[in-house]
Amino acid sequence: MTEENKIGTYSFVAEPFHVDFTGRLTMGVLGNHLLNCAGFHATERGFGIATLNESNYTWVLSRLAIELEEMPLQYESFSVQTWIENVYRLFTDRNFAILNKDGKPIGYARSIWAMISMDTRKPADLLSLHNGSIVDYIFQKECPIEKPGRIKVNQKELAGEVVTKYSDIDINGHVNSIRYIEHILDLFPLEIFREKRIRRFEMAYNAESYYGDTLAFYKEQVSENEYDIEVKKNGQEVVVRSKVIFI
């Protein structure tokens with residue numbers, strides 16, 4: 001199989017409604033682009049969500065880590081490359097490179113995905129999909145950022161609460177994974193985004209939440225520029241943990 005067939009490259013423009021007050025692409029929009037590219041790449045190779053749904057399976061995002069040198073500016077062209085680094089029985093590692101208009105890397109991302117049964121919501125055997133042919137797409141390309149780590153929030157200081165609404169809910173009927181990113185970044189004052197930029201952003205998805213759930217956000221400052229966040233639904237179950245590092 002050719003190298004071109006293993007890696008997918010997709011082009012974008014930083015639209016005016018995709019940038020924040022600094023004129024740069026928001027982390028939420030970048031996250032959406034990454035997930036879209038994962039979907040495009042999988043679909044083009046026969047293991048997209050529509051194909052999985054026929055057998056009552058779907059993909060779920062388990063972890064995401066994004067590291068950036070810079071964000072595209074309004075109206076700038078950029079592209080995202082994606083490839084599969086590893087396939088295990090119950091999950092797969094998918095990496096990304098974010099390239100500026102000149103094709104120079106300005107960021108990378110790592111993600112971990114599981115294929116789950118839509119009936120049981122439990123992980124299913126990836127190697128049973130199309131006789132294990134997903135492994136044919138494993139591609140060795142450098143992704144020079146750390147893998148997502150374990151995030152533990154010790155200091156439980158309530159930083160905010162959100163009752164999930166219409167705009168939080170995706171096609172699967174639960175809170176969209178990117179909406180958590182937006183809610184988490186809303187915990188920080190505008191001033192921090194004026195003075196600093198996000199160097200690294202990590203998400204670990206533990207459970208699903210639904211329309212009408214109350215999400216409580218706990219924020220712990222680990223160092224001058226590093227914060228850990230834990231999101232609990234309805235005062236009980238942890239749904240998401242996140243790490244934000246500014247520079």
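No hydrogens, no waters, no symmetry mates; every other heavy atom, side chains included, goes into these values.
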To the closest 0.5 Å, what do you measure between CG (N172) and CD1 (I49)? 6.5 Å

State, with a plain yes or no, whether a side-chain heavy atom of V231 is found less than 4.5 Å away from one of V238. no

K152 and D228 have their tightest heavy-atom pair at O-OD2, 3.7 Å

So, T92 side chain and N86 main chain: donor-acceptor pair closer than 3.5 Å or not? yes

Under 6.0 Å from the ring centre and within 45 degrees of the ring axis: does the NZ or CZ of K196 meet both conditions for the six-membered ring of F188? no

Here the pair of heavy atoms bringing Q221 nearest to E224 is NE2-O, 3.2 Å

Can S111 and N95 be said to form a side chain to side chain contact (heavy atoms under 4.5 Å, CB included), step by step? CA-CA 6 Å; S111 61; N95 297 340; over 6 Å; no

In terms of heavy-atom contacts, does CD of E146 have more than 12 from other residues, nucleotides or ligands at under 6.0 Å? no

Can you measure from CD (E85) to CD1 (I112) and round to the nearest 0.5 angstrom? 9.5 Å

Expected output: side-chain S77 to main-chain K101 donor-acceptor under 3.5 Å: no

Distance, nearest 0.5 Å, that separates CG of N234 from CG of L215: 7.5 Å

Within the distance-only criterion (no hydrogens, no angle test), does the side chain of W59 pair as donor or acceptor with the backbone N or O of F47 below 3.5 angstrom? yes

Under 3.5 Å, is there a donor-acceptor pair between the side chain of R197 and the main chain of L68? yes

With no hydrogens and no angle check, is any side-chain donor or acceptor of T43 less than 3.5 Å from a backbone partner on F40? no

State whether the side chain of S117 and the backbone N or O of D119 hold a donor-acceptor pair below 3.5 Å, judged by distance alone. yes

Check the pair E230, K156 against salt bridge (Lys or Arg N to Asp or Glu O under 4.0 Å), reporting the backbone distance first and the verdict last. CA-CA 8 Å; E230 185 174 86; K156 297 286 194 289; 3.6 Å; yes

From L185 CG over to S242 OG, what is the distance, rounded to the nearest 0.5 angstrom? 7.5 Å

Does any non-hydrogen side-chain atom of R110 lie less than 4.5 Å from one of P148? yes

Check the pair L52, T58 against side chain to side chain contact (heavy atoms under 4.5 Å, CB included), reporting the backbone distance first and the verdict last. CA-CA 6 Å; L52 262 58; T58 191; 5.5 Å; no

For residues F21 and R194, report the shortest heavy-atom separation together with the two atoms involved. CZ-N, 3.9 Å

Please check if the number of heavy atoms outside E157 that lie under 6.0 Å from its CD is greater than 12. no

Within this structure, what is the CZ-CD distance for the pair F246 and E195, rounded to the nearest 0.5 Å? 11.0 Å

Closest non-hydrogen atoms of V19 and A14, given as atom of the first, atom of the second and distance, are CG1-CB, 4.3 Å

Is atom CD1 of I171 surrounded by more than 12 heavy atoms (other residues, nucleotides or ligands) closer than 6.0 Å? no

Residue pair P123 / L90: nearest heavy atoms and the distance that separates them: CB-CD2, 4.1 Å

Could you tell me whether the side chain of F78 reaches within less than 4.5 Å of the side chain of S11, counting heavy atoms only? no

Could you state whether V162 and V175 fall into the same hydrophobic cluster, counting links through intermediate Ile, Leu, Val, Met, Phe, Trp or Tyr residues with side-chain heavy atoms under 4.5 angstrom apart? yes

Donor-acceptor side-chain pairing of H183 and D168 below 3.5 angstrom: yes

Would you say the side-chain atoms of N100 pair up with the backbone N or O of D102, donor to acceptor, closer than 3.5 Å? yes

Evaluate side chain to side chain contact (heavy atoms under 4.5 Å, CB included) for K219 paired with F217, printing each intermediate quantity in order. CA-CA 6 Å; K219 183 172 73 171; F217 295 79; over 6 Å; no

Distance only, no hydrogens: is a donor on one side chain within 3.5 Å (strictly under) of an acceptor on the other, for R94 and T82? yes

Test item: P144 and Y108 side chains (from C-beta on) under 4.5 Å apart, heavy atoms: yes

Answer yes if the ring centres of H33 and Y10 are under 6.0 angstrom apart, and no otherwise. no

Same hydrophobic cluster for I229 and I192, using side-chain heavy-atom links shorter than 4.5 Å among ILVMFWY? yes

4.5 Å side-chain heavy-atom contact, I66 and L30: yes

Heavy atoms, side chains only, cut-off 4.5 Å: are I84 and W113 in contact? no

Cation-pi between K141 and W83: NZ/CZ under 6.0 Å from ring centre and within 45° of the ring axis? yes

Could you report the tightest heavy-atom contact between H18 and V13, atom names first, then the distance? ND1-O, 4.5 Å

For the CG atom of N32 and the CZ atom of F12, what is their distance to the nearest 0.5 Å? 10.0 Å

E208-Y210 side chain donor-acceptor pair, cut-off 3.5 Å: yes

Side-chain heavy atoms under 4.5 angstrom apart, residues restricted to Ile, Leu, Val, Met, Phe, Trp, Tyr: same cluster for Y218 and V244? no

Is there a donor-acceptor contact under 3.5 Å from the side chain of E220 to the main chain of N154? yes

More than 12 heavy atoms of other residues, nucleotides or ligands under 6.0 Å from OH of Y137: yes or no? yes

Output yes when a side-chain donor or acceptor of R63 lies under 3.5 Å from a complementary backbone atom of Y205, and no otherwise. no

Could you give me the CA-CA distance, side-chain angles and deciding distance for L126 and R89, then say whether side chain to side chain contact (heavy atoms under 4.5 Å, CB included) is met? CA-CA 5 Å; L126 274 169; R89 199 169 66 80; over 6 Å; no

Minimum side-chain heavy-atom gap M115-L129 below 4.5 Å: yes

Does this structure show an ion pair linking R199 with E69, if we count only N-O contacts that are shorter than 4.0 Å? yes

Short side-chain donor-acceptor distance under 3.5 Å, N131 and S133: no

Are I184 and V222 connected into the same hydrophobic cluster when the rule is that any two of I, L, V, M, F, W, Y join if their side-chain heavy atoms are below 4.5 Å apart? no

Ignoring hydrogens and angles, tell me if any N or O in the side chain of H130 forms a donor-acceptor pair with the backbone of G46 under 3.5 Å. yes

Hydrophobic clusters here meaning ILVMFWY residues chained together by side-chain heavy-atom distances under 4.5 Å, can you tell me if I106 and I245 are in one? no

Can you name the ring-ring contact (aromatic ring centres under 6.0 Å, His included) partners of H174, sequence neighbours left out? none

Please examine the side chains of M118 and N53, heavy atoms only from C-beta on, and report whether any two atoms are closer than 4.5 Å. yes

